[in-house]
Amino acid sequence: MTRILLATRNKHKIEEIETILSDLPFQVLTLNDFLDVPPLKEEGTSFQENSLQKAQTVYEHTKILALADDSGLEVFYLNGRPGVVSARYAGEGATDEANNQKLLSQMMGVAPRRRHAQFRAVLTLLGDGTVETTEGICSGMLAESPRGTNGFGYDPIFLPNGFSRTYAELTAAEKNTISHRAKALAAMKGVLRRYLTGT
Ligand code: ITT
């Protein structure tokens, strides 16, 4: 079976990606299978650059088809922040709670009609002779306070359009139907099917 290596150390991303890819005939590997791969650097200023950089680090060390995800939350009122620094918005090594609290305090008193936000995920597939990128966006708004315990990151404070529940109040299956990552993966699955058939 063709192998694909997920170029991420985020266990929540791994769970979501593995679930969504489960109907494709790939042997999905993670970095737990390759402990000598160095930390994944993200020195770029865009999701695209960081996604490519992560895929490159992993592919160069393993020569196995690599799939990277760079993602984050963009808040319009904050000119797109936290964006590429979503994982470390409240500082290097910050907890999800600290990141959420920082964002909520910056948005305190901001009216609902100005709380528009979107999640974005950029995936890069990198292999021998293959470089492909797909993107997914999920639009919504920021909640006033955290709700729900599912998921990770900013899930408790993000209300996807069409739902009165936060991402963290959705089941994993519901999130995997509408999320930014699900949309980017849906597009990537087309690429992966073509990769498998060599077309
Ligand atoms: P890797 O680099 O190892 O993939 P990471 O968590 O550092 O893991 P990113 O640099 O792409 O990954 O940062 C993504 C951050 O954006 C993540 O830590 C969350 O804070 C947020 N994020 C991305 N997708 C999310 C989702 O589906 N739900 C909630 N928060 C999400």
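Sequence positions, counted from 1, serve as the residue numbers for this chain. Order of appearance sets the numbers: ligands from 1, and atoms from 1 within every ligand.
Residue Ser179 places no heavy atom under 4.0 Å from ligand 1. At least one heavy atom of His180 sits less than 4.0 Å from an atom of ligand 1. Heavy atoms of Asp69 come nearer than 4.0 angstrom to ligand 1 in at least one pair. For the pair Asp155 and ligand 1, a heavy-atom separation below 4.0 Å is found. Taking 4.0 Å as the cut-off, Lys175 counts as a neighbour of ligand 1 on heavy-atom distance.
Considering only non-hydrogen protein atoms, atom 3 (O) of ligand 1 sits nearest to Arg9 N, 2.8 Å. In terms of protein heavy-atom proximity, atom 20 (O) of ligand 1 is nearest to Tyr154 CE1, 3.3 Å. Given atom 9 (P) of ligand 1, the protein heavy atom at minimum distance is Lys13 NZ, 3.5 Å. The single protein non-hydrogen atom nearest to atom 18 (O) of ligand 1 is Ala87 CB, 3.4 Å, given as residue, atom name and distance. Closest to atom 23 (C) of ligand 1, if we only count protein heavy atoms, is Ser71 OG, 3.2 Å. Of the protein's heavy atoms, Asn10 CB, 3.5 Å lies nearest to atom 8 (O) of ligand 1. Shortest contact from atom 1 (P) of ligand 1 to any protein heavy atom: Thr8 OG1, 3.5 Å. In this structure, atom 16 (O) of ligand 1 lies nearest to the protein heavy atom Ser86 CB, 3.3 Å.
By the criterion of a heavy-atom distance under 4.0 Å, the side chain of Glu42, and not its backbone, is placed next to ligand 1. Contact annotation for Phe158 and ligand 1: no heavy atom of the residue comes within less than 4.0 Å of the ligand.
For Tyr77, the OH atom sits in a loose shell: 12 or fewer heavy atoms of surrounding residues, nucleotides or ligands are nearer than 6.0 Å. Around the NZ atom of Lys63, the shell of radius 6.0 Å holds more than 12 heavy atoms that belong to other residues, nucleotides or ligands. No more than 12 heavy-atom neighbours from other residues, nucleotides or ligands sit within 6.0 angstrom of CZ on Arg114. At most 12 non-hydrogen atoms from other residues, nucleotides or ligands lie less than 6.0 angstrom from CG of Asp128.
The ring-ring contact (aromatic ring centres under 6.0 Å, His included) search around Tyr154 returns none, not counting sequence neighbours.
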>> Run Arg193 and Leu24 through side-chain contact (heavy atoms from CB on, under 4.5 Å) and show every step you take.
In response: CA-CA 8 Å; Arg193 286 196 184 93; Leu24 290 186; 3.6 Å; yes
> Step by step, would you call Lys175 with Asn150 a side-chain contact (heavy atoms from CB on, under 4.5 Å)?
Replying inline: CA-CA 10 Å; Lys175 182 181 172 191; Asn150 298 332; over 6 Å; no
> Checking side-chain contact (heavy atoms from CB on, under 4.5 Å) for the pair Glu18/Leu6: CA distance, chi angles, key distance, verdict?
Replying inline: CA-CA 9 Å; Glu18 280 183 333; Leu6 305 187; 4.1 Å; yes
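Heavy-atom proximity to atom 31 (C) of ligand 1, evaluated over Tyr167, Phe47, Tyr89, Phe119, is greatest for Phe119.
Relative orientation of the Phe158 and Phe119 rings is perpendicular, given thresholds of 30° and 60° on the angle between their planes.
Near Asp70, the atoms of ligand 1 lying under 4.0 angstrom from a non-hydrogen atom of the residue are 9 (P), 10 (O), 11 (O). Annotation for ligand 1: atoms under 4.0 Å from non-hydrogen atoms of Lys54 are 1 (P), 2 (O), 4 (O), 9 (P), 10 (O), 11 (O), 12 (O).
No hydrogens or angles considered: nothing links the side chains of Glu42 and Gln53 as a donor-acceptor pair under 3.5 Å. For the residue pair Gln101 / Tyr89, no side-chain donor-acceptor distance below 3.5 Å is found, with atom types taken as modelled.
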